[in-house]
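Just so we're on the same page: letters track the sequence lines, and every chain starts at 1. Just so you know, these numbers use all the heavy atoms, side chains as well, and skip hydrogens, waters and symmetry mates.
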Amino acid sequence: MNLLEQLNEEQQFAVKQTEGPSMIIAGAGSGKTRVLTYKIAYLIHRGVDPFSIMALTFTNKAAREMQNRIQQLVESTEARNVWMGTFHSIFARILRIESEKIGFPNNFTIYDTDDSKSIIKKIVKEQQLDDKVYKASNVLGRISSAKNNLISAAEYNNNPELTQADKDSGRGKMGMIYTLYQERLRKAASMDFDDLLFNTNVLLRDFPDVLIKYQRRFKYFLVDEYQDTNHSQYLIVKRLAAQNENLTVVGDDAQSIYAFRGANIQNILNLNKDYPQLNTYKLEQNYRSTKNIVGIANAIISQNKKQIHKTIWTENSTGEKITLHSTLSDNEEGSLVARTIFDIKNNEQAKDSEFAILYRTNAQSRSIEEGLRKMNIPYRIFGGLSFYSRKEIKDILAYFRLVINPHDEEALLRVINYPKRGIGQTSIEKLRIEANRLNISLWALLERLESNPIIARSAALTILEFVNMIRAFRLDLNIKNAYELAEHITKHSGIYSTMYHAKDEDEGVMRFENMEELLSAIKEFSELENDEVGAGNIRTLSEFMQDIALHTDADEKSKIDGEYVTLMTIHASKGLEFPYVFIVGLEENLFPSLLSLNSRAEIEEERRLFYVAITRGEKRVFLSYSESRFKWGNLQYSEPSRFIEELDPQYIDDQTSDRILTAKPTIKTSAEAKSKASFYEKPKSNEVKAPEAVPSNLRRMSQSHNGTSTDQSESIQVGMEVFHDRFGRGKVLTLEGIGADRKATVFFNNSGTKNLLLKFAKLKILKQ
DNA sequence: GTATTATCTAAGTCT
DNA sequence: TAGATAATAC
């Protein structure tokens, strides 16, 4: 088969450029994955040893799919010898091989964000610092960005700029926490996500023999989604590829959406400085979407200042315009989406799997779900609370982690008294302090507890029993396969019976089923052929845990490749495509996020996110926003996103005005009505139009400051009868706070007592 | 040491 | 609203 025949001219050039550095700027839907896949197939076809190719993808799922595709293209299974996966998983693999060089055992644990936060909380407490000032997520974010820029704890403390910035913000102990955090991780023989990349850099920097070993082994490097790499990842690639510079990077600056976790767009913009002889290719033909979708996407992204110029075009049909809907509440938005899907399924014979509903935040999935459930539409949510982050699953996994690496303190603390065996907080605290004093891991202390009893004898005996149990499990690590050992552990640790007896409660049933699901997943894993170690070898529990440590939601295999509508965040949708795409919650402070409004750069990232969302669509895209939304238990009013005002009207089928006229004619304030009059809407002859001289964005600003009917809320008094959009008639029971914080407790005839922020509630006074 | 109840507070995207 | 933590009772 001639591989090149199936590519357009520019794609062919990119594929044929096998030697030297090249950068492929690939617009959305331009066949980026296709080029990567074909390039690897082309290399293999030309006799390059698959073992010498390293391909770094954004998800492990993408790697798997690409690998399968390459196998088909080269008609050989040798394609599986290409090293393909995410940065984190590929380099975790290399770190395990080389672990002793950097002073880690090869069974080191990978800590997730929860583990990391938990350590930081403990450090803050032990150091008697204020946990409001040193919030775990903030501290971790600071440490993370230091690591992504290859600044070690020692370097951090010696960097006057960083330490001064911390002092100025009242967080002078940040550097100390960083130091203690790293000590804690090392004692627990554990690395966090950033350490995987940081330590890879240390390995390649400080051990020239190791660097040379991998430079000799890998001759071709391909990096997907290069716009989302951070400095640490950039340096790894640069070091490894330095020998022969056969480096291909593929990316699209317009789709860079991970700056918040350290992605550096300069990696793509400055690549030609590192490689002056860089070959650059631009893929601009879109094969995915209709002209309308491509057109509106181009119009959106053109509002950003920073970008590499390109013109995305398509030969596809014009298609339908992009539909814009608005609803009164988040629940109604869910129903509307469900109804629309239902109609399209009927009218166009579409399948459930052709639909995706994309949102900015995971919390939005709830109202959408409700709508789908009511219409009996099958759906599947990706992200949110994933299977592996459920409590009961984490408890079981903690046992596995502890058996594999007993120094893993987070795991130890999680299970030492689960199921309850009478080892309470007091004993554990004493032991932790002692272990700290001796500068050894908690497990090391427990192992020598017999000769050094510092706690009550009875507690010490129970602990000894626990230690012996874990030791016994450890003996089976390489003897039993993953499933046999996992089952053995759940039975003998008491987890199984504890869960079995808790089945009476509703929650318990689900937990028990989840445990069974975990075990059956492990069983499936155990029974897979182990082609890497060869026949006769078993797949161990350690291997299973390595498999899931860097498991992402996008990697989740669809159990049954059944028919369902896909729900996910826009971030998670990167790289995917669907015939029908719904983008919901286009509201100011939600999308763009409230937290992104501080800088132009952040808003541009949100806009790129919007661009990514729109360009997932093949046939049709539906946009919607709601005028109110439940957040943390209370109703908040919302205005349409600024991105809606930016939409180019020629591509839009605006359905919002119908709703305004039919749905809520009485309660609407004039300010709200005005906000609907966005510029693409044709003024009706009998309507008063906002003066042209005032730009729409200014109009919105003034409105959000004083337009939200504070006029009425200020005169509300206890005892008044009031009307609320959602709850109806009610009586004010109490009032507290002033200005923006003014709250009321209102008893509603139909929905009972509610606490409302007057700023948002827009109560209407019925009777004084 | 454990179970129950009361109080507090969170704001986002992901490896 | 919900999950985590603190306070209280047993």
Pair Tyr258(A) + Phe58(A): ring centers closer than 6.0 Å
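So the answer is yes for these two rings.
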Quick one: are the ring centres of His571(A) and Tyr359(A) less than 6.0 Å apart?
no
Would you say [N] has OP1 or OP2 under 4.0 Å from some side-chain N or O of [X]?
X: Asn417(A); N: dT2(B); answer: yes
X: Lys135(A); N: dT9(B); answer: no
X: Lys121(A); N: dT5(C); answer: yes
X: Arg421(A); N: dT2(B); answer: no
X: Lys391(A); N: dG3(C); answer: no
X: Ser89(A); N: dT15(B); answer: no
X: Asn362(A); N: dC14(B); answer: yes

Measure the distance from [atom1] on [X] to [atom2] on [N] and round it to the nearest whole Å.
X: Ile90(A); N: dT15(B); atom1: CD1; atom2: P; result: 16 Å
X: Leu358(A); N: dT13(B); atom1: CG; atom2: C1'; result: 13 Å
X: Leu576(A); N: dC14(B); atom1: CG; atom2: P; result: 13 Å
X: Arg608(A); N: dT13(B); atom1: CZ; atom2: C1'; result: 13 Å
X: Lys117(A); N: dA4(C); atom1: NZ; atom2: P; result: 11 Å
X: Lys132(A); N: dT7(B); atom1: NZ; atom2: C1'; result: 12 Å
X: Leu56(A); N: dT15(B); atom1: CG; atom2: C1'; result: 14 Å
X: Asn138(A); N: dA10(B); atom1: CG; atom2: P; result: 10 Å

Have a look at [X] and say if it touches a base, only the backbone sugar-phosphate, or nothing, with a 4.0 Å heavy-atom cut-off.
X: Ser593(A); answer: base
X: Tyr258(A); answer: sugar-phosphate
X: Lys420(A); answer: sugar-phosphate

Side chain of [X]: nearest nucleotide among [options]?
X: Thr426(A); options: dT13(B), dG1(B), dA3(B); result: dG1(B)
X: Ser427(A); options: dG1(B), dC14(B), dG12(B); result: dG1(B)
X: Trp632(A); options: dT15(B), dT13(B), dG12(B); result: dG12(B)
X: Leu595(A); options: dG1(B), dA11(B), dT15(B); result: dA11(B)
X: Arg366(A); options: dA2(C), dT15(B), dT13(B); result: dA2(C)

Side chains of Asp224(A) and Lys32(A), heavy atoms from C-beta outward: is any pair under 4.5 Å?
yes
Ignoring hydrogens and geometry beyond distance, is a side-chain donor-acceptor pair present between Tyr178(A) and Ser152(A) at under 3.5 Å?
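Distance-only check fails for Tyr178(A) and Ser152(A).
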Side-chain donor-acceptor contact under 3.5 Å, Glu332(A) with Ser335(A)
no
Would you give the length of the straight line joining atom CD1 of Ile463(A) to atom CG of Leu431(A), rounded to the nearest 0.5 angstrom?
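Between atom CD1 of Ile463(A) and atom CG of Leu431(A) there are 5.0 Å.
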Would you say the side chain of Glu606(A) and the base of dG12(B) hold a donor-acceptor pair, judged only by whether the two atoms sit under 3.5 Å apart?
yes
Please tell me which of Ala363(A) and Gln425(A) maps to the more 5' nucleotide of DNA chain B, matching each residue to the nucleotide holding its nearest heavy atom.
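With Ala363(A) and Gln425(A) compared, the 5'-side residue is Gln425(A).
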Output yes if the stacking criterion (under 5.5 Å between centres, under 30° between planes) is met for Phe260(A) over the base of dT13(B), else no.
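Per 5.5 Å and 30° rule: yes, stacked.
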